[in-house]
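So you know, we letter chains A, B, ... as the sequences are listed, proteins then strands, and number each from 1.
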Number of protein chains: 2
Amino acid sequence: MTEKVRKPNIYDVAKLAGVSHQTVSRVINNADYIKEDTRSKVQSAMQELGYVPNAAARALVTAKSKIVGILVSDIVYHGPAGMMHAMEKEARRGGYFAISASVDPLDNDSIAQGIEHLRRVGIEGLVVITPQSDSVQAVERLVKDIPVVFIDSPHNSTELSAELGNYEGAKRATEHLISLGHKKIVHVAGPSEWFDSAPRVSGYSDAMKSAKLEPKVFAGDWSVPTGYEIGKNLELDQSKVTAIFAANDHLALGLMRALRQRGYDIPQRVSIIGFDDVPEAAFYEPPLTTMRPDFAELGRVAMEKMLGHITREATLSSDELIPELIVRESTALPANL
Amino acid sequence: MTEKVRKPNIYDVAKLAGVSHQTVSRVINNADYIKEDTRSKVQSAMQELGYVPNAAARALVTAKSKIVGILVSDIVYHGPAGMMHAMEKEARRGGYFAISASVDPLDNDSIAQGIEHLRRVGIEGLVVITPQSDSVQAVERLVKDIPVVFIDSPHNSTELSAELGNYEGAKRATEHLISLGHKKIVHVAGPSEWFDSAPRVSGYSDAMKSAKLEPKVFAGDWSVPTGYEIGKNLELDQSKVTAIFAANDHLALGLMRALRQRGYDIPQRVSIIGFDDVPEAAFYEPPLTTMRPDFAELGRVAMEKMLGHITREATLSSDELIPELIVRESTALPANL
DNA sequence: TCTGATAATGTGAACGCTAACATAATGTCA
DNA sequence: TGACATTATGTTAGCGTTCACATTATCAGA
């Protein structure tokens with residue numbers, strides 16, 4: 001019973017198959033020039049022994065761990081979950097492993113520790129999901145020896161970052177309101193430290209300017225309470241505002257709640273459009289019109305770029321992701337003031 | 001420029017510090033019997049060279065990867081995100097790495113592939129987050145050589161699983177309604193293939209029976225539309241139902257929406273309590289009373305048990321997790337029928 | 001001052017694999 | 001049928017650690 005159950009190695013397989021260990025290695029890595037006959041002999045030997053290649057030995061000799069790190073903000077919001085799944089799947093598809101480290105994006109120490117941790121396992125590349133500007137610099141300062149891809153950061157090089165389509169999404173959200181006939185449209189923005197905020201503001205502004213309308217932006221963050229607060233104080237009558245583009249669904253929810261309490265009907269008096277399409281958005285009161293970004297695809301693309309960097313293959317330059325307009329009940333023709 | 005930039009190894013450090021490589025190894029693993037003087041010499045040498053231990057070499061010789069796998073359902077619902085963060089953090093705290101594989105819990109092939117993938121990297125243990133019964137058996141069949149911890153599955157051994165507190169949470173939710181004075185309380189359950197459903201039903205039933213009340217359960221799933229459908233058809237007047245315990249917040253949201261459309265005021269005519277406390281619950285119409293499980297703590301505990309198994313240390317037997325009652329506006333005294 | 005314990009450090013091998021090179025089998029063409 | 005390319009396989013070394021086992025320094029007690 002105390003028999004040592006050493007896992008089978010390449011030599012065990014070789015012996016059983018009647019070949020050299022190198023031939024086994026060749027089969028594993030499907031190299032050229034192997035007789036079909038030998039290949040199958042080796043394969044059935046592997047099968048029989050339940051052989052699993054030893055990743056450590058492989059990593060040691062090739063100096064490649066086949067692991068990519070994901071540095072992710074532990075601020076839980078709606079997108080990342082699906083994104084992580086997509087990233088993991090894409091990595092696996094390319095024969096890579098994904099290993100994540102959660103960090104507090106506001107704490108440089110935490111970032112450094114996360115990176116240190118990932119370094120120890122020997123990552124070949126790093127994908128960073130952080131929505132805050134400071135962290136990008138922190139990461140860039142700390143990581144210089146392996147490729148890094150930033151998700152949703154305003155990096156110059158498209159090669160080094162993957163973007164959600166904030167600008168285009170915001171533009172289209174605004175255009176939706178304009179196309180309904182709204183003239184006075186305000187934007188409640190996300191927090192300025194988050195990357196997603198600025199392009200949403202620009203997309204809104206550009207759409208307004210193109211339609212010769214006056215943009216007006218209120219500073220917010222991503223939270224329901226903030227939306228509620230802004231909604232409580234927003235001046236609507238004198239300025240004849242008939243529509244609001246909220247930088248995310250939570251803000252929109254807070255706004256709707258406050259405005260209805262103040263007696264403004266939605267969408268009869270005020271139209272509201274959000275951004276993100278959180279699962280609950282369809283069941284808000286009223287169901288929220290919003291922009292649905294493709295988080296999963298974003299994750300996939302980011303990982304694809306990462307693997308492209310690592311293997312030095314040409315990155316398939318994908319088109320910009322564009323959020324989809326989901327029209328529900330919170331937007332309608334403008335009220336007659 | 002073409003100079004090879006080999007990473008420093010233990011010998012480089014040894015040379016610089018003027019000791020043998022083994023002494024360096026001892027410092028890294030802080031073994032006994034090292035002069036304080038030598039230790040610091042070695043440490044500054046490591047610092048100077050930017051030495052990072054090679055995980056692969058280490059894993060090869062010790063036959064321990066320091067990696068645990070997480071097999072996670074790619075059905076994205078509210079809990080797992082925070083849970084994953086917590087698991088990763090707990091793993092890191094113990095010097096371990098966490099690496100996840102997303103799988104479709106309904107597809108045994110997908111599960112097998114996920115496990116195969118994790119096996120390749122050499123995981124020392126596996127944490128399984130799947131809410132469906134079938135997958136547990138599939139996993140148990142496939143993994144026999146390393147410890148497995150199931151999250152939220154009805155496993156006999158508490159050592160092998162970590163539970164959310166579904167039973168106790170459901171009991172307390174029901175007791176909350178009872179304590180308000182409700183007599184006719186129905187439960188809209190989750191899907192039977194999910195583990196969380198059954199204990200929530202039992203918790204509800206037991207609370208009802210203790211209060212000498214008649215339990216009545218409607219079969220549902222976790223979705224808003226299903227809650228809405230059930231809400232549209234639920235008979236309330238003849239049976240004098242005044243309160244509903246929904247198995248999760250999404251069902252509750254759907255229910256509330258349908259009931260209000262039918263003219264039933266909440267909470268004046270019907271009280272509703274949910275389960276999960278999704279971030280939006282506080283801003284539903286009306287804000288939802290619900291049970292808040294501690295997902296993060298669940299993840300932490302699960303990982304703690306995992307590491308306990310691996311290192312053969314005694315698992316700190318933690319108390320059962322109990323969801324917290326969050327009272328908002330959707331529950332009140334029963335209506336006078 | 002010698003002895004024997006204990007503290008502190010050193011030496012060689014092995015982990016399982018792939019890279020690089022060497023060799024053997026097979027096929028092709030004059 | 002020999003010469004030479006091509007295909008197919010084998011041999012040896014080394015990746016960076018830790019382990020198991022020396023070996024050397026240090027210190028107390030007789």
Side-chain angles (χ1 to χ4, degrees), chain A residues 4-43 45-46 49-67 95 97 119-124 311, chain B residues 4-43 45-46 49-67 95 97 119-124 311:
Chain A
K4 213 176 171 176
V5 276
R6 210 206 43 184
K7 292 215 184 108
N9 63 21
I10 212 174
Y11 288 93
D12 300 325
V13 175
K15 197 153 131 199
L16 184 59
V19 296
S20 77
H21 72 280
Q22 180 61 285
T23 299
V24 175
S25 172
R26 288 190 180 102
V27 171
I28 294 168
N29 301 287
N30 49 75
D32 297 336
Y33 306 140
I34 298 177
K35 270 210 293 202
E36 200 40 49
D37 182 46
T38 2
R39 182 191 303 278
S40 64
K41 259 194 305 187
V42 170
Q43 264 157 354
M46 295 198 298
L49 295 174
Y51 170 78
V52 177
N54 182 314
R58 213 171 197 168
L60 179 57
V61 70
T62 59
K64 270 156 181 44
S65 64
K66 291 270 173 186
I67 300 177
F97 301 91
R119 239 183 228 301
R120 280 187 186 283
V121 81
I123 54 169
E124 293 183 47
T311 59
Chain B
K4 219 191 196 142
V5 276
R6 211 205 40 178
K7 292 213 186 108
N9 64 19
I10 211 173
Y11 287 94
D12 299 325
V13 176
K15 198 154 132 199
L16 183 59
V19 297
S20 77
H21 71 279
Q22 180 62 291
T23 299
V24 176
S25 174
R26 286 193 180 100
V27 171
I28 294 169
N29 301 288
N30 48 75
D32 297 334
Y33 306 141
I34 298 177
K35 271 209 292 205
E36 199 41 50
D37 182 45
T38 6
R39 184 191 302 278
S40 63
K41 258 194 307 188
V42 170
Q43 264 158 354
M46 294 199 298
L49 295 174
Y51 170 78
V52 177
N54 182 313
R58 212 169 197 170
L60 179 58
V61 71
T62 59
K64 272 161 179 42
S65 64
K66 292 271 175 185
I67 300 178
F97 301 91
R119 239 184 226 301
R120 280 187 186 283
V121 81
I123 53 170
E124 292 184 49
T311 60

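Remark: K35(B) NZ to R39(B) CZ distance equals 13.0 Å, nearest 0.5 Å.
OP1 and OP2 of dA8(D) both lie 4.0 Å or more from every side-chain N or O belonging to T38(A). Checking the phosphate oxygens (OP1, OP2) of dA8(C), no side-chain nitrogen or oxygen of Y33(B) falls inside 4.0 Å.
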Verdict with reasoning, R58(A) to N29(A), per side chain to side chain donor-acceptor pair (under 3.5 Å): CA-CA 11 Å; R58(A) 213 171 197 168; N29(A) 301 287; 3.1 Å; yes
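Two residues are said to be in side-chain contact when any heavy atoms from C-beta on lie closer than 4.5 Å; K7(A) and D12(A) fail this criterion.
In this structure, A17(A) and V42(A) approach most closely via the heavy-atom pair CB-CA, 3.9 Å.
If you check dG10(D), dC15(D), dT17(D) against the side chain of T23(A), the one that comes closest is dG10(D). Listed nucleotides dA8(D), dC17(C), dT18(D) differ in distance to R58(B); the shortest reach to its side chain belongs to dT18(D).
Rounded to whole Å, atom C1' of dC15(D) lies 8 Å from atom CG of N54(B). Atom CD1 in I34(B) sits roughly 13 Å away from atom P in dA7(C) (whole-Å rounding). Between K41(B) atom NZ and dA8(C) atom P the separation is 14 Å, expressed in whole Å. Between the NZ atom of K64(A) and the C1' atom of dG16(D) there is a distance of 16 Å, rounded to whole Å. Spacing between atom CD of E36(A) and atom C1' of dT7(D) amounts to 14 Å, rounded to whole angstrom units. Q22(B) has its CD atom 15 Å from the C1' atom of dT24(D), to the nearest Å. For R39(A) and dT7(D), the CZ to P distance is 14 Å, given to the nearest whole Å. In this structure, L49(B) places its CG atom 15 Å from C1' of dG16(D), rounding to the nearest Å.
Between K7(A) and V19(B), the residue whose closest nucleotide on DNA chain C is further toward the 5' end is V19(B). With the nearest nucleotide of DNA chain C identified for both D32(B) and T62(B), D32(B) has the one nearer the 5' end. Looking at which nucleotide of DNA chain D each of Y51(B) and K35(B) is closest to, the 5′-most match is held by Y51(B).
With hydrogens and angles ignored, a donor-acceptor pair under 3.5 angstrom links the side chain of R26(A) to the base of dG10(D). Residue H21(B) places a side-chain atom within donor-acceptor reach of the base of dT18(D), judged by atom type and a 3.5 Å distance cut-off alone.
Panel note: side chain N30(B), backbone V27(B); no donor-acceptor pair is recorded below 3.5 Å.
When heavy atoms are screened at a 4.0 angstrom cut-off, L60(B) is found touching base atoms of the nucleic acid. Counting non-hydrogen atoms under 4.0 angstrom, N29(A) reaches the backbone sugars and phosphates but no base.
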